[in-house]
Amino acid sequence: MIRITDIIEKVYDYYPGADVDIIDRAYIYSAKVHAGQVRLSGEPYLSHPLEVANILADMKLDTVSIACGLLHDVVEDTPVTIEDIQERFGQDVAKIISGVTKISSLSFDNFRERQAENIRKMILAMADDIRVILIKLADRLHNIRTLNYHTSEKKKKAIAQETLDIYAPIAARLGIYWIKRELEEISFSYTSPEAYEKIKQLISTNQADRERYVEEVRYTIQNLMDSANIPAQVKGRYKQFYSIYQKMEKQHLEFKDVYDIIAFRIILDTLPHCYEALGIIHAKFKPITYKFKDYIGGPKPNGYQSLHTTVIGPYGERMEIQIRTHEMDRVANSGIAAHWSYKEGKTLDKGSKNTFEWIQNLLENHKESPGDPNEFLDNVKIDLYPEDIYVFTPRGEVKNLPKGATPVDLAYLIHTDLGHQCTGAKVNGRMVPLQYQLRTGDTVEILTTKGHHPSPGWLNYVKTVKARSRIRQWIKKQETERSITLGRELCEKVFRKNRLNFNELLHTPEMAKVTAEFKFKTVEDLIANIGYGKITPLQVIRKLVPGIKPKPEETLLDKLIFRHKERKKKEETGIVVDGMDDILIRFGKCCQPIPGDPITGYITHGAGITVHRVGCVNALTMSPERRIKVEWKQETVGSFPARLKFWCYDRIGLLAEISAIISQSGANIEEMNLEHAIGKVVNGSFTLTVKDLDHLDEVILKLKKIDYIQQIERV
Ligand code: MN
């Protein structure tokens, strides 16, 4: 078992002035709380955090990272809480440990391959400090190194596969290739043991020959560099088993057909030497032109820089050669970690322009306060995907959404019908409102109700384009359908008034012509636009029957009537019957009582109670034994019909004015009848719906003020 003193010595090596107190304290605490726990290997549990801390020290990380390595499992595996950690080691350590614990608690059982990318992003998005990821990688590295102690083959394979799919690519993305390679190599031996053994065997046959070959090529290249006066270090190495395997799989090759299993690397002092060396190599060995890549001119996003070329070697075989500087080589091995490990007073290289934006910020921040590596690390906040969140479905799938997205967005992302019928959501098992903003790591269950419809209010908070457009489409469709119904009713009515049959005319060539004149594509569009109120049925009639003198009809009024019909729904009756509850109440059509009217009830044969106004003729004639006392409730909610009759002198705009006043007073017109009496006198009646007697009086008072209205009264 590695000792803490070895680790501390390592830290002193790369950072002589380090304050290792926090490492000491973390070690003592971790030893205490893990005491008695044992690894599958039989070693004390403490060996694991020690090894993880050691890997972090190999990456030359700061003292806080090392301390966190020692403490990384205490919250997950012992009764210790984050609060305990915060109290003892401060907020920094607590935040990192909580990040590591959060990722460890994710369960990716049975994820499908296409999910892997989202899971990787989720892990990166969950860590708000890059050190969380590095500790997680170190943790996984040690676990995979000791995977052989697991007894279940199935478990071994699952862990190895997860490592290949999730952790190795994360290491690659961060440019920490040595970890990526080791994770892949070990995992591969578990996921495909036969292929692994086969490649191992094939490489070991003729090994002596191959080693002679490597030495020969290495010597040739070294000579070429020496004679050009370029100081160079030349290395030859076998490629990873896993990358050989991937190549065989991808290109359907037999092992004997995989030539470039050996790669050479030329490491130089300066950048101009790299291109010079490339020229020399290409002059000596014929390059395979399409196999050349310049990652110096265009570095990989993680900062990796190198020249890659594949040439025809001395025996006609393919050879891959990488050319880079020492600095590039260092970055290639430790990647992002290299950018902020301790550097013995050296300033950071400013060359890697195409690195992630946050590294740039990092470098910017460091420029402002160079010197203290701890302060520098305080600025290491990772926000690789600031615009994205990642959530789980109940089946464990990971879905990617924009920040601020709600359960409605997720529902539409999964399926349009799921979105339409979505009525609620559970996040991590608890009910949340639909406008709840989801967070990375949430498990979200969408609740639906069959036949439920989207609400226009959703548009106020959905974030995804898909949800927005699906909801809009639905609303549009509903509006169109409603407008068509309304437009059709309006037309039927107005046409009838003009002794025309709308439905018979509907599919005639004349109607098609009118439709075209209004520049609508279909008759449906025409009707919908009548419903919208953009054109009136009269306009249609005038075009349809040139020369007709249509009866003036107030479409505004029609609309008011229709609007009311739509709004009509089951309402409370507002009646209290003595000693009886829940009784069917009807209002006498004869007298239409409204709240405030003195009323009386009459028990009918099997149809509940009919309510009449006290003075109603029908009420006066009903048998006394069937009478029952009824009252209005204190507060009545609803609208009640009341019939008014009036007579006035006709004039232009009269109807419009009447209907405007009625609608302004919050009443609705249910129906209206007009008759021209002698000359310009109009006799009319209409039925209004009002809240109560006061309301009705108020409306009547206003109507009386209209010019030309001679008389108006309740029937
Ligand atoms: Mn661990």
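Just so you know, ligand 1 is whichever comes first in the structure, and atom 1 is the first atom listed for that ligand.
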Exercise. List in chain and number order the residues that pass salt bridge (charged side-chain N to carboxylate O under 4.0 Å, His left out) with D58, two or more places apart in sequence or in another chain; answer none if no residue qualifies.
Key: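 K10.
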Exercise. Mind checking salt bridge (charged side-chain N to carboxylate O under 4.0 Å, His left out) for D73 and listing every partner two or more places apart, or none if nothing turns up?
Key: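 Here no residue qualifies.
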Quiz item: Are there more than 12 heavy atoms of other residues, nucleotides or ligands under 6.0 Å from atom NZ of K200?
Solution: no
Quiz item: Does a salt bridge link K60 with D13, judged by any charged N lying under 4.0 Å from a carboxylate O?
Solution: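 Salt bridge flag = no for D13 with K60.
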Quiz item: Do NZ/NE/NH1/NH2 and the carboxylate oxygens of E185 and R181 come within less than 4.0 Å?
Solution: no
Quiz prompt | Summary of salt bridge (Lys or Arg N to Asp or Glu O under 4.0 Å) pairs that have at least one residue in residues 36-55, sequence neighbours excluded | solution = none
Exercise. For the Mn ion (ligand 1), count the protein N, O or S atoms found under 2.8 Å away.
Key: 4
